[in-house]
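Take a look at the structure below.
All heavy atoms count here, side chains included; hydrogens, waters and symmetry mates do not. Note that the structure is a prediction, hence the values are computed from the model and not measured. Indexing begins at 1, ligand by ligand and atom by atom, following the structure's order.
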Amino acid sequence: MSIETRLKEIKQALPDRVQVVAVSKFHPDVAIREAYDAGHRLFGESRVQELLPKYDALPKDIEWHFIGHLQTNKVKYIIPFIHTIQSVDSWKLLEEINKEAQKFHRTIEVLLQVHIANEEHKFGFTFDEIESIHRTESLGKLPHVKVTGLMGMASLTDDREQVRSEFRSLVSFYKQLQSTYYKGDESFRHLSCGMSDDYPIAVEEGSNMVRIGSKIFGLRE
Ligand SMILES: *Cc1c(COP(=O)(O)O)cnc(C)c1O
């Protein structure tokens, strides 16, 4: 099956509210081109050194989302063109994004990554940390950063109920944050959760942005 067909089938089966981030990491420019030529514009990459040459080589109306763990010293390379950084997992990173974005007179959209998995090594804020950032109005000090939602990754497990309950807690936190701190502010609108193996569960629970790699592009090398 072609990339175009797979993409079309995935999109057709999803409710209208759900956006698909095509995760193109480890796949070559030609594969991205194929999805682009089929009309897709939203792509996700997780490594700076891989994203930079892709950005250079590919059409400039692609909306690039950064989805991997981002080191502060690499922020400056992607600031000129990145649309959204989905994987913001520390206050220090938020400050760095703000600082670099200011130099380019840009405001960068970010999603706060929430640690929902039952695994030590996954990155992200706790619910409490995110709540506290909002309660203290600290974000007001970072005018070049715009929080447009949350991102989360469920545990890597065959236990579907575990995965479902992790997504459910994220959805409920997202709604609570929205109704407490973003009332009437429609820019806080993305809940990015669900990957190739678990996105149908995430969507059932209320996700409105899924990040799909292998199901579109095939297995990575
Ligand atoms: C690689 C990756 C994905 C996509 O994974 P697939 O299982 O190939 O769909 C989604 N989100 C993040 C953060 C990733 O690193």
Side-chain angles (χ1 to χ4, degrees), residues 1-11 13-14 18-29 31-32 34-35 38 40-52 54-55 62-71 74-75 78 82-90 93 97 108-125 148-160 162-164 166-167 170-171 174 190-221:
M1 219 194 284
S2 70
I3 289 171
E4 176 172 5
T5 309
R6 283 194 290 239
L7 194 51
K8 210 162 130 202
E9 285 189 359
I10 291 168
K11 284 184 181 175
L14 287 170
V18 181
Q19 283 185 283
V20 175
V21 180
V23 177
S24 47
K25 65 185 186 198
F26 298 100
H27 292 284
D29 295 353
I32 300 175
E34 198 179 327
H40 200 76
R41 293 292 180 270
L42 177 49
F43 292 88
E45 286 283 336
S46 60
R47 298 185 308 171
V48 171
Q49 70 272 28
E50 185 176 348
L51 173 54
L52 297 178
K54 284 177 172 173
Y55 168 73
I62 287 180
E63 184 179 314
W64 291 106
H65 285 210
F66 195 82
I67 62 168
H69 181 61
L70 181 58
Q71 291 170 289
K74 300 220 172 123
V75 168
I78 61 173
I82 201 75
H83 182 281
T84 296
I85 302 175
Q86 293 207 2
S87 42
V88 173
D89 56 7
S90 72
L93 185 55
I97 295 167
I108 308 292
E109 297 195 12
V110 305
L111 306 187
L112 301 178
Q113 183 172 353
V114 194
H115 183 114
I116 52 169
N118 181 15
E119 286 161 26
E120 283 293 323
H121 62 268
K122 290 243 161 71
F123 295 102
F125 291 104
T148 57
L150 302 178
M151 186 271 248
M153 287 166 91
S155 299
L156 261 179
T157 168
D158 290 333
D159 183 348
R160 304 273 94 181
Q162 168 78 22
V163 168
R164 184 178 294 281
E166 289 170 3
F167 286 141
L170 180 60
V171 169
Y174 168 76
H190 300 307
L191 179 57
S192 172
C193 61
M195 312 181 9
S196 290
D197 284 339
D198 57 18
Y199 77 89
I201 303 177
V203 170
E204 277 171 26
E205 292 302 326
S207 165
N208 61 27
M209 184 175 266
V210 292
R211 306 177 310 272
I212 304 183
S214 37
K215 190 118 197 267
I216 296 170
F217 295 108
L219 292 177
R220 293 179 282 273
E221 311 263 295

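In terms of heavy-atom proximity, Phe26 sits nearest to Arg47 at CE2-NH2, 3.5 Å. Nearest approach of Thr157 to Gln162, heavy atoms of both residues: CG2-CG, 4.0 Å.
Pocket lining of ligand 1, defined as residues with a non-hydrogen atom under 4.0 Å away: Val23, Lys25, Ile67, Met153, Met195, Ser196, Arg211, Ile212, Gly213, Ser214, Arg220.
For the pair Glu166 (side chain) and Ser155 (backbone), a donor-acceptor distance under 3.5 Å is present.
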Apply side chain to side chain contact (heavy atoms under 4.5 Å, CB included) to the pair Ile78 and Trp64, showing each step before the final yes or no.
CA-CA 10 Å; Ile78 61 173; Trp64 291 106; over 6 Å; no
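When only modelled atom types and interatomic distance are considered, Glu63 and His65 share a side-chain donor-acceptor pair under 3.5 Å. A donor atom on one side chain and an acceptor atom on the other are found under 3.5 Å apart for Gln86 and Ser192.
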